[in-house]
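The figures that follow rest on heavy atoms only: side chains count, while hydrogens, waters and symmetry mates do not. The structure presented is a predicted model; accordingly, all values stated were derived computationally and were not measured.
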Amino acid sequence: MADQENGIALAAMPRVSDDISDFAAAWRGWRGGNVVPVRDQLNLDDIQKLLSRVLVMEVWSPSETLVRLAGTTYLELFGIDLTGHNYVDMAPPQDRDLRGRRLWAMANQPCGSHAVLPHPNPNKRGADIHVLILPVQPSDKTQPMQLFGVSASSAERVTALDGADVGMVERLADRFSFVDIGTGLPDEF
């Protein structure tokens with residue numbers, strides 16, 4: 001099971017890559033004076049160079065988080081299109097409850113998360129993949145909170161090469177922190 005680190009404020013996140021920083025800056029711009037941006041306020045041109053690594057999820061319950069959009073990098077890495085899959089069910093059975101509770105907490109606090117995993121390519125050993133996930137309020141208030149995530153490697157662009165570990169999507173991050181966006185952090189973790 002992955003280690004839970006203390007939470008961190010979005011403004012205090014260490015700079016792990018230009019791409020993660022660019023995504024965080026775009027998200028802050030989209031939200032303006034709101035705690036969370038509304039989906040129709042997003043200008044995806046702001047993150048155009050990151051779109052292949054964007055993951056959009058809808059959090060329906062602690063046991064159901066549907067992947068609504070998975071950039072092409074995820075297809076290249078895992079060999080499957082994650083779109084339409086329940087992200088909670090992708091975890092091994094012993095980790096589903098924790099993954100589901102984390103996603104549910106991010107949608108309801110609301111807050112974000114920063115996760116770190118080893119690069120799935122054996123040729124990139126020592127390089128980490130960082131994933132920043134931040135909440136977005138759907139334009140239709142009857143729909144669930146959305147979580148937008150972007151992944152970036154500490155070495156270079158996240159790309160698949162021969163020998164990639166396709167099981168990476170299943171496992172929990174080696175290091176995980178909630179990210180305070182101004183509403184605090186979940187109490188239960």
Side-chain angles (χ1 to χ4, degrees), residues 1-5 7 10 23 27 30-31 34-42 44 47 50-117 120 129-151 158 165-189:
M1 185 176 297
D3 291 332
Q4 166 78 36
E5 296 179 359
L10 182 60
F23 173 61
W27 184 88
W30 297 333
R31 78 174 176 172
N34 299 322
V35 172
V36 175
V38 176
R39 178 69 175 93
D40 61 9
Q41 295 173 323
L42 274 59
L44 296 183
I47 59 168
L50 307 175
L51 290 177
S52 69
R53 290 178 280 130
V54 168
L55 188 68
V56 178
M57 299 176 282
E58 291 179 340
V59 183
W60 289 89
S61 73
S63 62
E64 185 179 19
T65 296
L66 297 179
V67 177
R68 285 296 175 209
L69 174 85
T72 56
T73 296
Y74 298 100
L75 176 61
E76 293 167 5
L77 274 172
F78 307 123
I80 62 167
D81 184 0
L82 303 179
T83 303
H85 288 271
N86 182 352
Y87 191 66
V88 175
D89 285 346
M90 291 178 171
Q94 69 273 14
D95 294 334
R96 288 180 187 155
D97 179 63
L98 179 58
R99 178 177 277 178
R101 287 186 303 115
R102 284 177 174 173
L103 295 164
W104 186 247
M106 284 188 277
N108 286 284
Q109 180 68 31
C111 62
S113 70
H114 175 234
V116 182
L117 299 111
I129 292 181
H130 294 261
V131 181
L132 177 61
I133 298 175
L134 295 168
V136 173
Q137 182 70 44
S139 300
D140 178 350
K141 301 260 189 228
T142 66
Q143 296 299 303
M145 183 71 81
Q146 298 174 338
L147 300 175
F148 277 57
V150 168
S151 58
V158 179
D165 175 9
V166 297
M168 185 178 124
V169 72
E170 298 172 347
R171 61 187 283 208
L172 295 179
D174 291 344
R175 293 173 287 176
F176 176 90
S177 297
F178 284 111
V179 175
D180 186 350
I181 59 169
T183 59
L185 299 169
D187 292 330
E188 64 182 271
F189 293 90

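- A side-chain donor-acceptor contact under 3.5 Å links Arg53 to the backbone of Ser151.
- Atom-to-atom distance recorded for Arg102:CZ and Leu147:CG is 13.5 Å, nearest 0.5 angstrom.
- Put simply, the side chain of Ser52 never gets that close to the backbone of Thr72: no donor and acceptor are under 3.5 Å apart.
- Contact detail for Leu44 and Arg39: the closest heavy-atom pair is CD1-NH2, 4.3 Å.
- Between Leu10 and Trp27, some side-chain heavy-atom pair lies under the 4.5 Å cut-off.
- At a threshold of 4.5 Å between non-hydrogen side-chain atoms, the residues Met106 and Val59 do not count as touching.
- Once rounded to the nearest 0.5 Å, the distance linking CG of Asn86 with CH2 of Trp60 reads 12.0 Å.
- Inter-residue side-chain proximity for Met57 and Ile133 is flagged as met; some heavy-atom pair is nearer than 4.5 Å.
- In this structure, the separation between CE on Met90 and CD1 on Ile80 is 5.0 Å, given to the nearest 0.5 Å.
- Residues Val88 and Glu64 fail the side-chain proximity criterion, which asks for heavy atoms closer than 4.5 Å.
- In this structure, Ile181 and Pro135 approach most closely via the heavy-atom pair CD1-CG, 3.7 Å.
- When every heavy atom of Met145 is checked against every heavy atom of Val136, the shortest pair comes out as SD-O, 3.3 Å.
- Closest of all the heavy-atom pairs between Val35 and Pro110 is CG1-CG, 4.4 Å.
- Between the CG atom of Leu103 and the OG atom of Ser63 there is a distance of 11.0 Å, given to the nearest 0.5 Å.
- Interatomic distance, CG of Leu50 versus CZ of Phe148, reported as 12.5 Å (0.5 Å rounding).
- The aromatic rings of Trp30 and Phe23 lie perpendicular to each other, with more than 60° between the two planes, well past the 30° mark.
- In terms of heavy atoms, Val131 sits closest to Leu117 at CG2-CD1, 4.4 Å.
- Side chain of Glu58 to main chain of Arg68: no donor-acceptor pair is present (N/O by atom type, distance under 3.5 Å, no hydrogens or angles).
- The one candidate from Val54, Leu132, Leu134, Leu55 that meets the side chain to side chain contact (heavy atoms under 4.5 Å, CB included) condition with Val150 is Val54.
- Considering every non-hydrogen atom in both Ser61 and Trp104, the closest pair reads CA-CZ3, 3.2 Å.
- Note: Asp40 CG to Gln137 CD = 10.5 Å, rounded to the nearest 0.5 Å.
- The backbone N or O of Val36 lies less than 3.5 Å from no partner atom in the side chain of Arg31, so there is not a single donor-acceptor pair.
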